[in-house]
2 protein chains.
Amino acid sequence: MKPPVTDHLSQDCRAVSEILARVGDKWSVLIIMRLSDGPKRFSRLQQMIGNISHKMLSTTLRGLERDGLVTRTVHPTVPPQVEYSLTELGHDLTVPVNALGEWALRNQDKIRAARAQFDARQEFEVKAS
Amino acid sequence: MKPPVTDHLSQDCRAVSEILARVGDKWSVLIIMRLSDGPKRFSRLQQMIGNISHKMLSTTLRGLERDGLVTRTVHPTVPPQVEYSLTELGHDLTVPVNALGEWALRNQDKIRAARAQFDARQEFEVKAS
DNA sequence: CTGCATCCCAGATGATACTG
DNA sequence: CAGTATCATCTGGGATGCAG
C-alpha cells in the first residue's frame, strides 16, 4: 500500500515534462529572453527574433499569455499598438531558464564534439559493410 | 564596429534554443531523470517511462548518445543486454534541468489557474458573439 | 499594426513486423 | 532482448489572404 518513491518521482517528471513542452518549443524561450529586459511591441519582437513567422509569433505569444507568463496590453490607438511584457511568473521563469542557458553555453563545445565523434564513428561503421 | 550587447545575446539565445530542442523534446528529460540514479537496461527504461513506444525510446536514446549525454554498453550475452547510463556531461545536465523541474513543480498550480482563467475568458467572449 | 483562418508540407511519433 | 524498417498518422510550422 505504500508506493515506492519512483511513483511520485514519476508524477514529478510528468509535470516537468509538461512545462518543458511549453518552454521547449521552438520560440517560447526566444520570446521570453527578449521580453526579460522590458515590454516590447509585436512588430518589435518579430524583428528582434528574426526569422519567426507572423503566425508563430502570434500563436506562441497566445500560449504564453494563456499560461500566465506574459501580459498583452492593447493601446486603442490608430493604428493599434499591442505591448507584451513578462508577468512576475514569467520573470521568475527566466531564472531557471537562464541557468539552463548558461549550461548550454558552457557545454555546447562538448556537445558538438560528441556529435562529430559519433557521426564519424557511424560513417566508419558504414564503410565496414 | 562594436556590436551592442543585444547581438551577442542573440547568439546566446540560439545556443540555448538548440539545447532546449534536445532537452525539450517529448522524451529526453524523462529518460535523463530515470537514468540519474543509475544505469538502466532498455526494457527497464521502457517499463519505467510507461507509454513510450519502442521506437521512440530507441531513437531518443540514440540522440542522447550522439550528444554525449548517455553511454550505451552492450553485454554480449544471450539474449543480449544493453545498459544505458548518464555520462558526466549528462549528469551535469540534471542540475539545471532539476532546477527547471522544481520551478515547474512550484508553479504548476499557478499555470493551471492561469490557463483555466484564460480559457474561461475565451468562452465568455465567444458567448458575446 | 495585429490577429485570425486556411491551405500545405515536412518532420515527429506511433503500430507493426522482421532481424540478430 | 534490443534494434531497425516500413507505413500510417498527427502535429508544428510556414505562406498567404482577409479583417478589425
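Chain letters run A, B, ... following the sequence lines, proteins first and then strands; every chain starts at 1.
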Listed pairs under 3.5 Å, donor-acceptor, residues 74-88 of chain A side chains, sequence neighbours left out:
from: A/T77; atom 1: OG1; to: A/H75; atom 2: O; distance (Å): 3.4
from: A/T77; atom 1: OG1; to: A/P79; atom 2: O; distance (Å): 2.7
from: A/Y84; atom 1: OH; to: A/R72; atom 2: NE; distance (Å): 3.4
from: A/T87; atom 1: OG1; to: A/G68; atom 2: O; distance (Å): 2.7
from: A/T87; atom 1: OG1; to: A/L69; atom 2: O; distance (Å): 3.2
from: A/T87; atom 1: OG1; to: A/L89; atom 2: N; distance (Å): 3.3
from: A/T87; atom 1: OG1; to: A/G90; atom 2: N; distance (Å): 3.0

Side chains of B/F42 and B/L57 in contact at under 4.5 Å (non-hydrogen atoms): yes

Nucleotide [N], atom [atom2] - distance to [atom1] of [X] in whole Å:
{"X": "A/I52", "N": "D/dG12", "atom1": "CD1", "atom2": "P", "result": "15 Å"}
{"X": "B/M56", "N": "C/dG14", "atom1": "CE", "atom2": "C1'", "result": "9 Å"}
{"X": "A/D25", "N": "C/dA12", "atom1": "CG", "atom2": "P", "result": "15 Å"}
{"X": "A/Q47", "N": "C/dC1", "atom1": "CD", "atom2": "P", "result": "10 Å"}
{"X": "A/L57", "N": "C/dC1", "atom1": "CG", "atom2": "C1'", "result": "12 Å"}
{"X": "A/N51", "N": "D/dA15", "atom1": "CG", "atom2": "P", "result": "10 Å"}
{"X": "A/L45", "N": "C/dG3", "atom1": "CG", "atom2": "P", "result": "10 Å"}

Listed nucleotide nearest any side-chain atom of [X], set [options]:
{"X": "A/R62", "options": "C/dC4, C/dG14, C/dG3", "result": "C/dC4"}
{"X": "A/S58", "options": "D/dT4, C/dG14, C/dG3", "result": "C/dG3"}
{"X": "B/S53", "options": "D/dC1, C/dG3, C/dA15", "result": "C/dA15"}
{"X": "B/K55", "options": "C/dT13, D/dG13, D/dA2", "result": "C/dT13"}

Basic-acidic side-chain contact under 4.0 Å: A/K40, A/D37: yes

First encountered from the 5' end of DNA chain D, between B/L61 and A/K26: B/L61

Spatial distance of atom [atom1] ([X]) from atom [atom2] ([Y]) [nearest 0.5 Å]:
{"X": "A/M33", "Y": "A/M48", "atom1": "CE", "atom2": "CE", "value": "11.5 Å"}
{"X": "B/K26", "Y": "B/I31", "atom1": "NZ", "atom2": "CD1", "value": "12.5 Å"}
{"X": "B/Q47", "Y": "B/I52", "atom1": "CD", "atom2": "CD1", "value": "13.0 Å"}
{"X": "A/I32", "Y": "A/R22", "atom1": "CD1", "atom2": "CZ", "value": "8.0 Å"}
{"X": "B/W27", "Y": "B/L64", "atom1": "CH2", "atom2": "CG", "value": "13.5 Å"}
{"X": "B/L35", "Y": "B/R44", "atom1": "CG", "atom2": "CZ", "value": "11.0 Å"}

Contact under 4.0 Å: B/T59 side-chain N or O vs C/dA12 OP1/OP2: no

Presence of B/R41 side-chain N/O under 4.0 Å of D/dA2 phosphate oxygens OP1/OP2: yes

Closest contact, heavy atoms only, A/Q122 versus B/R62: OE1-NH2, 3.4 Å

Axis bend over the full length of the helix from C/dC1-D/dG20 to C/dG20-D/dC1, computed from five pairs that close each end, to 10 degrees: 40°

Strand-adjacent residues in residues 65-85 of chain B, judged by heavy atoms under 4.0 Å from DNA chain C: B/P80

Quiz item: B/H54 side-chain donor-acceptor pair to C/dG14 base, under 3.5 Å: no

